[in-house]
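Contents: one structure, followed by commentary.
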Amino acid sequence: MSFDNAYDAITEDSGDDRQWAFGTGFDDPLSGVDRAVPGEVSTSDLSVYCLMLADDALILSQRLTEWCSRAPELEEDVALANIALDLLGQARLLLARAGEVEGAGRDEDALAYLRDEHEFRNVRLVEIDCGPGPGGDFATTIARLLVFSTWRLAVLGQLAHSGDPVLAAVAAKGVKELAYHRDHAAQWTLRLAGGTDFSRERMVAGLATVWPLHDELFTPHPVELALPAVAVDPSTVRPEVDEVLDTVLAEADLSRPRVSPLAMVGGRAGRDGVHTEALGYLLAPMQHLARALPGARW
Amino acid sequence: MSWPLYEVFVRGKRGLNHVHVGSLHAPDDEMALRNARDLYTRRNEGVSIWVVRASAITASSPDEKDPFFAPAGDKVYRHPTFYSIPEDVPHL
Amino acid sequence: MDAELEREFDRVVDAEQRIEPRDWMPDGYRKTLIRQIAQHAHSEIIGMQPEANWISRAPSLRRKAILLAKVQDEAGHGLYLYAATETLGADREDLTTKLIEGRQKYSSIFNYPTLNFADVGVIGWLVDGAAIVNQVPLCRTSYGPYARAMIRICKEESFHQRQGFELLMTMMRGTDAQRRMVQDSVDRWWWPSLMMFGPPDEKSANTEQSMAWRIKRHTNDELRQKFVDMTVPQARALGVTLPDPDLRWNDDRGHHDFGELDWEEFWQVVGGDGPCNRQRVAHRRAAHENGAWVRDAAAAYAARRAGSDAEEVA
């Protein structure tokens with residue numbers, strides 16, 4: 001290491017340095033994948049479907065980043081950031097696909113930053129405040145992550161066989177990531193439920209907070225049903241999801257919360273762009289700068 | 001209540017030994033392994049991770065030229081049982 | 001006996017070899033190292049806050065991903081460094097307590113606020129750039145675990161610096177509003193970045209002994225000069241003005257001359273009255289205290305499991 005050339009010194013002995021740049025997973029999951037839309041598929045339906053999957057990941061990622069510098073322990077700060085990065089990566093691929101299929105010239109950023117609240121297609125589970133804000137705490141965050149990642153893993157598991165090669169490739173990558181997220185949530189569920197009296201109380205309360213939004217995950221949207229060989233009908237993953245959740249809960253000596261599902265609004269919910277009040281407050285800071293300087297490149 | 005210290009060893013790629021990369025705190029072995037993955041291999045640096053409680057390591061005395069370093073009865077990694085061999089490896 | 005051990009210690013250090021955790025070392029060396037490495041670790045952890053401040057508002061998804069990964073790296077750096085202190089017999093919990101009780105310091109630079117998104121780029125370029133100049137020599141510091149942690153940290157920091165510079169270049173090629181953001185940010189961060197190298201040599205209490213022990217390898221003023229000389233051409237390439245009317249090349253010295261730093265502000269910030277000192281420590285304290293029940297739960301779970309395993313064996 002030579003002091004006179006600090007920058008060279010840092011990068012010496014480094015044939016391939018890209019790994020140091022940022023994040024994980026530098027293989028392009030879509031390299032060599034055919035990006036043509038399969039012939040019989042409606043591009044508008046496919047684009048909306050991609051938005052649904054993208055928005056679930058984007059909004060939960062945005063929520064998880066709220067823990068950054070606030071996690072219960074530094075190691076957990078790193079772990080939650082990893083999960084948020086994985087989901088953000090999935091969101092970017094899916095938004096890009098949504099824009100490409102739509103064919104109106106919108107890229108990932110146009111879709112993330114310039115859509116209004118009612119144009120977001122995510123399930124309501126991902127948008128509510130589960131902590132570190134006043135709406136929850138670490139246990140609530142874990143409860144949501146457990147339910148969400150169990151569900152998304154099951155969906156992506158099927159989607160890996162989608163007739164759309166891009167969705168199939170994104171799902172194949174996502175399956176590995178979600179398996180880790182689910183495991184992380186399950187490990188913490190066991191520890192919080194089997195830790196102290198207080199932590200058990202918090203875990204029970206956390207599950208009760210998120211459980212009313214559990215049913216919505218399995219309610220198919222017409223677009224999901226209109227793409228039989230491409231999209232996953234979420235009602236079909238319910239048995240798998242229930243079985244996994246029941247196994248984790250049993251191991252943690254917990255039972256399913258006895259709470260009723262949250263009502264929809266005139267039969268509409270997140271997938272239709274009808275959200276909780278929380279989404280507006282999440283999007284306002286997220287979109288503010290991008291909208292304040294229209295046309296700026298970052 | 002603070003979590004115990006673990007030492008972390010990573011095999012960078014197949015064919016190489018595990019090497020000590022650092023340490024971390026975790027409540028138990030399972031979480032230590034997961035934390036190690038997040039902390040020490042988040043740039044895809046490793047293919048295999050070992051974690052061991054720092055308190056479980058027996059070490060020789062200070063000077064590296066110490067006679068302790070000649071025969072190595074106290075080194076966990078010299079014991080065959082210390083190596084976890086994948087089940088599909090034949091003849092072991 | 002101690003005299004003999006000390007001669008051996010001096011011999012190893014003078015021969016540019018590394019001192020390892022279980023080697024004998026003078027008490028002062030151990031204490032100085034714990035203080036310096038802990039301060040460095042605290043800086044990484046507190047340093048997460050000013051940048052995390054912009055994660056939710058990052059104006060593109062690519063920038064959001066980069067920033068999140070960068071702040072995550074800083075948590076990682078803090079962890080590597082705390083681990084290095086633990087090889088010297090320190091305890092992370094104890095160091096964290098000292099940090100949140102204000103008994104140990106961290107780099108004053110993080111007591112300045114991040115007020116526009118260009119600050120993310122300028123922190124990468126100037127603050128991480130200054131950190132690199134400070135830290136590259138530490139990759140050869142005499143204490144092995146510290147040196148090894150620094151090698152890894154410097155690798156990651158160099159990319160932090162590049163991403164910062166790249167963001168600024170992109171913004172400088174953008175709209176007038178973006179260029180104004182960059183200049184505003186440089187105006188605010190330039191002097192605090194120069195202060196990162198610490199007080200002038202004649203006022204630096206610990207420099208001499210640390211140099212002898214090869215914990216430190218260059219004086220504060222040497223490093224500061226080095227940083228200025230490196231940065232001036234980069235600023236020119238970027239098209240920003242460094243806010244110092246006295247900044248000019250001096251042919252005789254072969255270095256840039258630059259204006260006097262506002263040491264009064266420096267000591268004010270070091271003394272706890274910077275724009276964000278209280279906020280940064282309160283934030284860290286809140287995270288630590290709010291997390292206590294989670295850490296306790298995991299420890300209780302582990303203890304219970306260890307207990308039931310023992311019963312099964314018996």
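Here is how names work: the chains are called A, B, and so on, in the same order as the sequence lines, proteins then strands, and each is numbered from 1. Please read all numbers here as calculations on a predicted model, not as lab measurements. Computed from heavy atoms alone, side chains included, the values below leave out hydrogens, waters and symmetry copies.
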Please walk me through it: do C/Arg57 and A/Gln287 pass side chain to side chain contact (heavy atoms under 4.5 Å, CB included)? CA-CA 7 Å; C/Arg57 296 176 288 170; A/Gln287 297 182 331; over 6 Å; no

Of all heavy-atom pairs between C/Pro59 and A/Trp298, which one has the smallest distance, and what is that distance? CG-CD2, 3.3 Å

Which heavy atom of A/Gly194 sits nearest to which heavy atom of C/Arg304, and what is that distance? O-NH1, 2.6 Å

For A/Leu80, is it the side chain, the backbone, both or neither that has a heavy atom under 4.5 Å from a heavy atom of chain C? neither

Taking CD in A/Glu251 as the centre, count heavy atoms belonging to other residues, nucleotides or ligands within less than 6.0 Å. Is the count above 12? no

Counting heavy atoms not belonging to A/Arg297, are there more than 12 under 6.0 Å from its CZ? no

In terms of heavy-atom contacts, A/Leu289 and C/Trp54 come closest through CD2-CZ3, 4.1 Å

Against chain A, label C/Arg63 side chain, backbone, both or neither, depending on which of its atoms sit under 4.5 Å from a heavy atom there. side chain

Heaviest contributor of heavy-atom pairs below 4.5 Å to chain A, chosen from C/Gln135, C/Arg217, C/Arg284, C/Lys64, is C/Lys64

Engaged part of C/Leu61 at the chain A interface, taking heavy atoms whose separation is under 4.5 Å: both

Rounded to the nearest 0.5 Å, what separation is found between the CD atom of C/Glu74 and the SG atom of A/Cys68? 9.0 Å

Check whether C/Gln72 reaches the backbone of A/Ala81 with its side chain - one donor and one acceptor, N or O, closer than 3.5 Å. no

Take atom CD in A/Glu277; do more than 12 heavy atoms of anything else shown fall under 6.0 Å from it? no

Part of A/Glu76 within contact of chain C (heavy atom distance under 4.5 Å): neither

Between C/Ala300 and A/Thr196 the two heavy atoms that sit nearest each other are CB-CG2, 4.0 Å

Chain C contact via A/Gln62 - which portion, at a heavy-atom distance below 4.5 Å: side chain

Measuring heavy-atom distances to chain A, does C/Arg305 have an atom under 4.5 Å in its side chain, in its backbone, in both, or in neither? neither

In terms of heavy-atom proximity below 4.5 Å to chain C, should A/Leu293 be classed as side chain, backbone, both, or neither? side chain

Euclidean distance, A/Leu88 CG relative to C/Ile55 CD1, rounded to 0.5 Å: 10.5 Å

Part of C/Met181 lying under 4.5 Å from any heavy atom of chain A: side chain

What one should report as the nearest heavy-atom pair of C/Ala297 and A/Leu192 is CB-CD2, 4.0 Å

Relative to chain C, which segment of A/Asp197 carries a heavy atom at a distance below 4.5 Å: side chain, backbone, both, or neither? neither

Between C/Leu68, C/Thr96, C/Thr175, C/Thr170, which has the largest tally of heavy atom pairs under 4.5 Å with chain A? C/Leu68

The interface call for A/Leu95 against chain C, heavy-atom contacts under 4.5 Å, is side chain

Under a 4.5 Å heavy-atom cut-off, does chain C meet the side chain of A/Ala296, its backbone, both or neither? both

Side chain, backbone, both or neither: which part of C/Arg92 has a non-hydrogen atom closer than 4.5 Å to chain A? side chain

Taking A/Met286, A/Glu108, A/Arg191 one by one, which has the highest count of heavy-atom pairs under 4.5 Å against chain C? A/Arg191

Less than 4.5 Å to any heavy atom of chain C: does that hold for the side chain of A/Ala71, its backbone, both, or neither? backbone

Taking side chain as C-beta onward, heavy atoms only, is A/Glu66 less than 4.5 Å from C/Ser56? no

Could you pull out the closest heavy-atom pair between A/Asp109 and C/Ser60, with the gap in Å? OD2-CB, 3.2 Å

Which region of A/Ala84, side chain (C-beta onward) or backbone (N, CA, C, O), has a non-hydrogen atom less than 4.5 Å from a non-hydrogen atom of chain C, or is it both or neither? both

Is it true that C/Glu289 and A/Arg70 have a side-chain N and a carboxylate O under 4.0 angstrom from each other? no

Measure the spacing between CZ of A/Arg200 and OH of C/Tyr301 and express it to the nearest 0.5 Å. 11.5 Å

Spacing of C/Met48 atom CE and A/Leu74 atom CG [to the nearest 0.5 Å]: 7.0 Å

Chain C contact via A/Trp67 - which portion, at a heavy-atom distance below 4.5 Å: neither

Ranked by heavy-atom pairs below 4.5 Å to chain C, first place among A/Arg202, A/Glu73, A/His288 goes to A/Glu73

Is chain A contacted by the side chain of C/Ile46, its backbone, both, or neither, given a heavy-atom distance below 4.5 Å? neither

Tell me, side chain or backbone of C/Val71 under 4.5 Å from chain A's heavy atoms, or both, or neither? side chain

